[in-house]
Amino acid sequence: MGLFDGVSFKMPRKFLIDGFFLFLLVVVTVAVTSIYVSSEHTFYWWDYAGYNTATVNTANLFRDSPDKAWRGVIESLSKEKNLLISLPLVPFILLFGESRLSYILSVCLIYVLPFRLLLGAISAKLIPVYPRRVFWSTVLLSLLIPMSWIPTLRGYLDTGGCVFVALAIWVYLQDVKLKSWWKIPLIGFLLAAAILLRRHFAYSAIAFFGAATLQAFIEFIVLIYRRKSALSSPKDKDVVVPFPYRCLFESGVKLGLIAATSLTILMLVAGDFTRSALTVDYRNLYVAWSLPVNDILTRYADFYGLGTWLLVLIGFSAGILTRILVPAAAIFVSLFGVLSLIEWLLVLRYGYLHYTIHITPIALLGLSTFFWTTWLTLKGKIRYFMLGAAGLYLVVNAAVGLIPLKVDLSRLFVGNFPPLVRSDYDEVVKLVEFLRKLAPNEEPIYIAGASNNFNANILRQANRKLNPPEGWWKLNTIGRPQIDSRDTYPLPELLQSQYAVVAVPFQQVLPTDEQVLRSHEQDVVKVVYDAFTQNWEIARDFQLLPEQFKLENGVTVSVYRRVRPTDTATAVRTLEAIQRQIVDRPGTQLDWISLHQSIYTSANYSVSQESDNLYNIVTHPTKNSKKLDTSFLYLGSISDKVKVTGQLNLPNEQCPGIALRLTLWDKQGKLVDSAEMAYSQKSAIGLNLLVEGKNPIYLLLEVLSSSKQDLTNQCQLEINNLAVSR
């Protein structure tokens with residue numbers, strides 16, 4: 001009877017302790033998040049706003065039409081950023097509202113809190129003493145790492161992917177030899193789920209497979225050594241040693257099956273996305289975000305504090321040398337951590353805050369091993385001094401990271417990431433209201449500036465906050481191109497804009513900003529700034545308005561109104577000046593550039609590349625007009641004699657027909673030669689135009705209305721297999 005009494009007493013007590021710590025974790029999470037977010041007074045922008053906006057829009061769509069919402073989620077699977085990661089947050093948003101605080105709390109409670117618990121569970125597998133104490137001490141210790149808070153407080157929900165990576169690691173550490181067959185597809189599923197939620201977790205999967213592979217090779221070497229020792233020593237002849245090559249082969253097969261499972265799931269759920277991820281050269285596409293090694297090391301010193309990294313290094317080193325850590329778990333976690341650090345600090349070198357979530361788990365596990373190794377190996381006053389000093393450092397470090405303090409502690413402590421507050425909040429409101437009244441019919445407004453302080457997205461998000469949901473989108477600020485390696489020449493957007501907003505001095509992303517780029521990667525923005533501040537020819541088609549707005553950091557914003565359309569000769573000369581200033585072609589700029597098409601997605605909206613030399617073009621009536629008049633400028637190299645061929649198609653029979661004109665231009669914007677042809681449903685001939693002249697540099701293909709009357713909205717032209725021969 002006494003035995004049963006003991007059991008009935010101990011079990012509820014353990015549950016009470018677990019419940020208390022879980023309750024404490026939730027209270028601290030809600031309190032810190034609420035205080036921090038409520039202290040902010042700003043307009044969010046770029047990534048800080050994008051995930052929030054997508055999640056709220058998804059929740060509202062589920063409220064209005066669940067069928068449309070599910071279709072939207074399914075369609076998003078082909079994109080780089082899909083809506084799967086927002087789905088678990090939707091019930092929270094529907095229940096508690098769409099405020100910023102509601103969104104951040106939903107991320108904290110649904111993603112960040114389970115992630116902290118999983119890290120505690122991994123730590124308990126790593127440190128083989130007092131599992132409950134190790135678990136909760138690690139969980140509570142995570143609260144003192146600022147980077148376990150900051151990405152989420154800035155609006156990122158990428159921790160959702162980390163949950164699945166942590167689950168995969170935890171499952172693997174239960175049985176590193178994977179003797180239970182069901183763990184193989186489970187780990188494959190978890191890694192695939194992480195990648196589906198956010199593409200950059202493919203690098204976590206690579207680190208996982210790399211660590212597991214290296215661990216298998218280490219075990220292989222150890223088995224060879226043990227086998228040789230057993231054969232050479234009479235005392236060890238009866239010792240059974242597994243056959244090394246067989247173990248290595250089995251490990252390779254199991255890891256291969258995990259990889260195959262992940263790839264199969266990715267192809268089944270998001271085939272288009274997976275094929276794109278395997279073929280796109282992301283290194284070149286995102287080279288603007290890849291910082292120099294010195295800069296990225298400095299940023300990660302600021303993200304955590306050098307003192308934190310010292311404790312982490314001591315923790316892992318002491319834990320391994322004293323054999324306190326479980327060998328298999330320690331080897332895998334150490335290898336995973338080293339490979340992750342190599343990926344993010346030496347290979348990729350992306351400096352955005354949310355990429356720290358790949359490194360924070362390693363830092364936390366290192367801190368946990370430091371505290372428990374110190375506790376288990378040291379005695380007396382030295383033990384308490386070490387633990388007390390380390391604990392005090394982490395408390396101060398957390399305060400420095402989260403509380404608005406302007407202190408310079410030489411990177412010994414973490415950098416300061418306080419709540420975001422704009423001192424010019426009211427002036428931004430005045431600017432947005434002025435632009436809204438100036439362009440009530442969604443006239444395009446070019447924003448010649450792209451910094452963390454002033455950009456098109458800030459103005460758009462400010463308008464979203466200030467105006468009702470049904471009208472916030474009517475402020476049509478153009479925010480791209482912004483980045484040389486990712487975007488295109490800004491000429492099409494500038495030609496279509498009815499207004500231009502210019503901030504002086506030039507607003508660009510700085511190396512010290514949170515959302516950071518490497519230096520000299522925003523020439524596509526700078527060239528438009530120069531066009532207005534240096535009074536280029538195209539700027540004379542605009543008139544400076546008397547109103548000015550004074551923003552923080554000494555920024556003055558001026559507004560220009562278009563007074564006349566830019567003619568073709570001026571556009572050609574402007575492009576030549578742009579190319580002269582931007583030496584390397586922007587990363588996604590094609591050979592054909594659309595001058596008068598939709599600018600609401602990108603300059604390549606109507607142009608697609610079929611192969612190296614073949615293009616497809618689709619024309620549409622211009623905004624607020626049914627006229628089909630548009631033009632496409634060829635940027636490739638041409639000779640004195642140029643022939644353009646292609647297949648023409650007018651899908652709608654109501655279209656009476658169109659005319660096409662091909663012209664050659666030199667760099668001074670002078671017409672060299674031209675050729676024309678008419679096309680209708682009745683005259684089903686292909687495009688075949690020839691022009692020639694001396695020293696041409698640009699080729700212009702114009703699609704014109706064949707009559708003076710406006711055309712029907714269905715009158716669009718398709719040009720397939722468009723080729724230029726010289």
Side-chain angles (χ1 to χ4, degrees), residues 44-51 80-81 145-159 161-162 198-204 206-207 281-306 308-309 312 337-363 397 400-402 408-418 420 450-453 455 457-458 482-487 507-523 525 587:
Y44 304 100
W45 70 100
W46 294 339
D47 282 359
Y48 294 174
Y51 300 95
E80 187 172 323
K81 294 181 179 179
I145 300 179
M147 277 304 129
S148 72
W149 295 95
I150 294 299
T152 302
L153 294 175
R154 288 291 188 261
Y156 290 103
L157 39 68
D158 296 52
T159 309
C162 271
R198 290 293 281 120
R199 180 186 57 80
H200 59 82
F201 285 105
Y203 297 109
S204 289
I206 292 172
D281 185 0
Y282 287 105
R283 288 297 307 280
N284 286 331
L285 189 62
Y286 293 137
V287 68
W289 284 268
S290 186
L291 304 179
V293 174
N294 289 341
D295 290 351
I296 197 67
L297 293 178
T298 299
R299 285 183 73 83
Y300 271 80
D302 287 335
F303 286 157
Y304 296 92
L306 292 176
T308 299
W309 288 118
V312 170
V338 169
L339 291 176
S340 296
L341 289 170
I342 291 173
E343 284 179 334
W344 295 102
L345 272 63
L346 298 180
V347 180
L348 301 173
R349 306 191 304 277
Y350 300 152
Y352 270 38
L353 290 171
H354 64 298
Y355 294 124
T356 61
I357 59 180
H358 295 272
I359 307 302
T360 297
I362 307 305
N397 198 53
V400 170
L402 297 172
D408 184 8
L409 299 174
S410 302
R411 299 194 176 89
L412 177 63
F413 291 87
V414 67
N416 188 225
F417 300 90
L420 299 174
S451 70
N452 280 269
N453 186 55
N455 58 67
N457 196 245
I458 286 177
Q482 287 182 346
I483 298 164
D484 297 349
S485 68
R486 183 197 63 186
D487 295 327
Q507 293 299 289
Q508 61 183 323
V509 177
L510 300 175
T512 54
D513 290 338
E514 288 185 8
Q515 299 190 67
V516 66
L517 299 172
R518 66 192 306 165
S519 300
H520 309 296
E521 285 289 345
Q522 292 185 285
D523 289 340
V525 184

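Residues: numbered from 1 along the sequence shown.
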Within the structure provided, determine whether [X] and [Y] are in side-chain contact (heavy-atom separation under 4.5 Å).
| X | Y | result |
| --- | --- | --- |
| S451 | L510 | no |
| W289 | L348 | no |
| Q522 | V509 | yes |
| T298 | R411 | yes |
| T360 | F303 | no |
| D487 | Q482 | yes |

Flag, side chain of [X] to backbone of [Y], donor-acceptor distance under 3.5 Å:
| X | Y | result |
| --- | --- | --- |
| N416 | V400 | yes |
| R299 | P511 | yes |
| N452 | Q515 | yes |
| D513 | V516 | no |

May I ask you to decide if the ring planes of [X] and [Y] are parallel, tilted or perpendicular, using 30° and 60° as cut-offs?
| X | Y | value |
| --- | --- | --- |
| Y286 | Y350 | perpendicular |
| Y352 | Y355 | tilted |
| H358 | H200 | perpendicular |
| Y156 | Y48 | perpendicular |

**Message:** salt bridge (Lys or Arg N to Asp or Glu O under 4.0 Å) for R518 and D484? Distances and angles first, verdict last.
**Reply:** CA-CA 11 Å; R518 66 192 306 165; D484 297 349; over 6 Å; no
**Request:** For Y44, enumerate each residue passing the ring pair (Phe, Tyr, Trp, His ring centres under 6.0 Å) test, keeping only those at least two apart in sequence or located in another chain.
**Result:**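 So Y44 forms no ring pair (Phe, Tyr, Trp, His ring centres under 6.0 Å) with any residue.
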Rounded to the nearest 0.5 Å, how far does [atom2] of [Y] lie from [atom1] of [X]?
| X | Y | atom1 | atom2 | answer |
| --- | --- | --- | --- | --- |
| I458 | Q507 | CD1 | CD | 9.0 Å |
| Y51 | T152 | OH | OG1 | 12.0 Å |
| L341 | I359 | CG | CD1 | 4.5 Å |
| S290 | D295 | OG | CG | 10.5 Å |

Non-hydrogen atoms of [X] and [Y] that approach each other most closely:
| X | Y | value |
| --- | --- | --- |
| A363 | V312 | O-CG2, 3.3 Å |
| E521 | A288 | OE1-CB, 3.6 Å |
| L306 | A301 | CD2-CB, 3.7 Å |
| L517 | I483 | CD1-CG1, 3.9 Å |
| A49 | N457 | CB-OD1, 4.3 Å |
| I296 | L345 | CG2-O, 3.2 Å |

**Residues which pass side chain to side chain contact (heavy atoms under 4.5 Å, CB included) with E343, listed by chain and number, not counting sequence neighbours** =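 Counting only residues at least two positions away or on another chain, E343 forms a side chain to side chain contact (heavy atoms under 4.5 Å, CB included) with Y203, I206, A207.
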**Item:** Listed partners of L402 passing side chain to side chain contact (heavy atoms under 4.5 Å, CB included), at least two apart
**Value:**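 Once residues adjacent in sequence are excluded, the partners of L402 under the side chain to side chain contact (heavy atoms under 4.5 Å, CB included) criterion are Y36, W149, I150, L153.
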**Item:** For D47, the option from K81, R198, R154 that meets salt bridge (Lys or Arg N to Asp or Glu O under 4.0 Å)
**Value:**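 The option that passes is K81.
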**Message:** Testing the 3.5 Å rule here: is there a donor-acceptor pair between the side chains of T356 and Y300?
**Reply:**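 Absent: no donor and acceptor within the cut-off.
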